Amino acid sequence: MPDARPPVTDVLATAVAALGGRERSGQVAMAEAVSDALIRHRHLVVQGGTGTGKSLAYLVPALLHDQRVVVATATLALQHQLVERDIPRLVEAVAEAHTEIDASYAVLKGRANYACLHRIREGTPDEDQGALVEVGTSMSASSLGTKVLELRAWAEREAETGGSGERDRAPRHTEREWRQVSVGHRDCLGAARCPFGEECFVETAREEAHRSHLIVTNHSLLAIDAIEGVPMIPDYDVVVIDEAHEVVSRVTQAATDELFASDVDRAARRSRRYLRSADDSSPADDLADAGDALGAAIAQCPPGRFDDVPEMLGDALVLVRDAARACLSAYPKEADTAEADAGRTQARGSVQEVFGTAERMAARSVSDVLWLSEGGDRMPPRLCVAPLEVWGPMREKLLTDKTVVMTSATLMLGGDFNAIATSVGLKPAERVDTTTGDPAAPGGDEPDALPWVGLDAGSPFDYGRQAILYIARHLPPPGRDGLGERQVDEIAALVDAAEGRTLGLFSSRRAAESAAEAVRERLPHLTTLAQGEAQLPELARQFVSDPHTCLFGTLSLWQGLDLPGETCQLVIIDRIPFPRPDDPLMSARQRAADREGRNGFMQVAATHAALLLAQGTGRLIRTTSDRGVVAVLDPRLATARYGAFLKASLPPMWTTYDGDLVRQALARLANAEPTAS
Ligand code: SF4
């Protein structure tokens, strides 16, 4: 039967024309590759530089696909961009010319991202007593804060006007305030038992998702649904993972559990009210004792990874697990109770959570990594458990029966897709040779994943002409104690030449602060901002509003900023961003790779550094008229053996070791007339 769908390139051209854009060869190649992958049921890994127009390149084939498609992003910013801008504009652009297209779409987030009408209307179960506090009496403005009352009023307005009740549409609030008007999945009564189930924002969002062809969600919800097996997303057979360079860390995060001794104590306190027997004893008391034992064991342990769990800690985890299990079996089954009780649901939920985590930690599985995270900043130490690898579950649960498109501006590390593909569960040997159409080799012992195709959709930028990579080869390798005098001199000279316009990406907070201090002292006519002095959006606003400004910060600046134009002509990177040697998960992953005969340093540490370097470097050139310099103050990029791998992960900038030449180029740029992009 002939295919009734219009060609993907026709629909893309209609959309691009309607949106006032121009044809981009990388975008067309990517759209064709996505369409092909969907039709042939094979995975696609596609790198497209900034400015390729990746979202249209996957949204058009997704709209044309005859089954539901899920799009998952890592960041809220991209989720917003898709839902508020890209998808509505695309739908409007193609709806008239292609009435056969099902253009319905919905956004789906985790439960805690929506206001809970039950919590708002019936009050918050008191954490310690389990008693419901009456709305408008004990939960007064003084105890709760006017902000929470404001959030409640907002949520009621949302309910009246058919709003979505989503957190990011709410008036400004803190995490703690939001917790007073929302619930996690364990605390929800369930739509069938909840008196407000019919109006519930989460339920409404899920129903809308059920009716939609396109669902936009985030990596975490995708991981919980597909990998953890908690059904959150309506059936789908295709998923597009945008910002795919983040997916391994988001899947890891979703599968990481934490346990504070105070979690056990709180679960016990909440449960006492519901689990008191005639002789006044309670399994909740045993749980509280187990929590004390855990607290004492944690106090004896040094922070860091446990290869062998200390006996006292192992015993305490078993105690907590068993006491939590006894509590759970003492609770009446929800179905046996006459009516829903939010306090009891929440109390049982907190015991369930403690039980699940303690059981996992006590099991000491070789596929998990257990460590004690140092406390600080009013945070007590906590036990953490995370999967050693996520490629196995990703392969088994996601890549065997769904068609997956992964895309990002940075997926080719060291010049190819192998490192990223391996980390998500795709084997290099299963890559389809696009000249013959066959996978190069069979899959091996693991579950059969669909074959995959890799595509470099290129970049609209001419990096060789637009950007210089300056490696300060003459500097000493960075030491353990932050920035040395020579690094500081180099930074000041570069910033002086650029007259500000500098984004400084540092490997530690201390290095960022000391660089900011030195530049302020030596170049007082410039404005120098350091991360932490204000919220990031405010710092970014100040940075963009005046070119004679520097912004210095750490990891969170590496990925999230979009700073086109003359405001950012110099990106300084103080050292190659290898993971810290005492990072428990990275060091465990590196060691596991070594044990399997792979090169742990290259596969874990160098891959991690390459990805961050590529992301950091990507802050410089955001439009075809941007020009500038990436200055790496770590000579190992030029001198170490792994330097070639790292360099091959970066855009093809013109490279030099000549500091004078670079400062002259920066001075010329600083004095040039701004150009329109
Ligand atoms: S169903 Fe759950 S999330 Fe929805 S209003 Fe009821 S308790 Fe809240």
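Everything numeric in this text was worked out from a predicted model, so none of it was measured. Counting starts at 1 for both ligands and their atoms, following the listed order.
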Q: Please determine if atom 4 (Fe) of ligand 1 has an N/O/S atom from Cys116 lying under 2.8 Å away.
A: no
Q) Looking at atom 2 (Fe) of ligand 1, what's its closest protein heavy atom, distance included? A) Cys188 SG, 2.4 Å
Q. So which heavy atom in the protein is nearest atom 4 (Fe) of ligand 1, and how far is it from that ligand atom?
A. Cys200 SG, 2.4 Å
(Q) Quick one: does any side-chain atom of His213 pair with a main-chain N or O of Val69 as donor and acceptor, under 3.5 Å? (A) no
Can you sort out which atoms of ligand 1 are near [X], meaning under 4.0 Å from one of its heavy atoms?
X	result
Leu189	2 (Fe), 7 (S)
Arg111	2 (Fe), 3 (S)
Leu117	5 (S)

Q) Should Leu328 and Phe355 count as side-chain neighbours, where that means a heavy-atom distance under 4.5 Å? A) yes
Q) Would you call Leu372 and Phe306 a side-chain contact if the rule is heavy atoms closer than 4.5 Å? A) yes
Q: Please verify whether a non-hydrogen atom of Arg119 lies at under 4.0 Å from ligand 1.
A: no
Q.
Between Thr75 and Thr73, is there a side-chain donor-acceptor contact under 3.5 Å, judged purely by atom types and distance?
A. no
**Q.** N/O/S atom of Cys194 inside 2.8 Å of atom 2 (Fe) of ligand 1, strictly under
**A.** no
Q | Pair Arg68 + Asp237: basic N to acidic O under 4.0 Å | A | no
Q) In terms of side-chain geometry, is the basic nitrogen of Arg167 or Glu175 positioned less than 4.0 Å from the acidic oxygen of its partner? A) yes
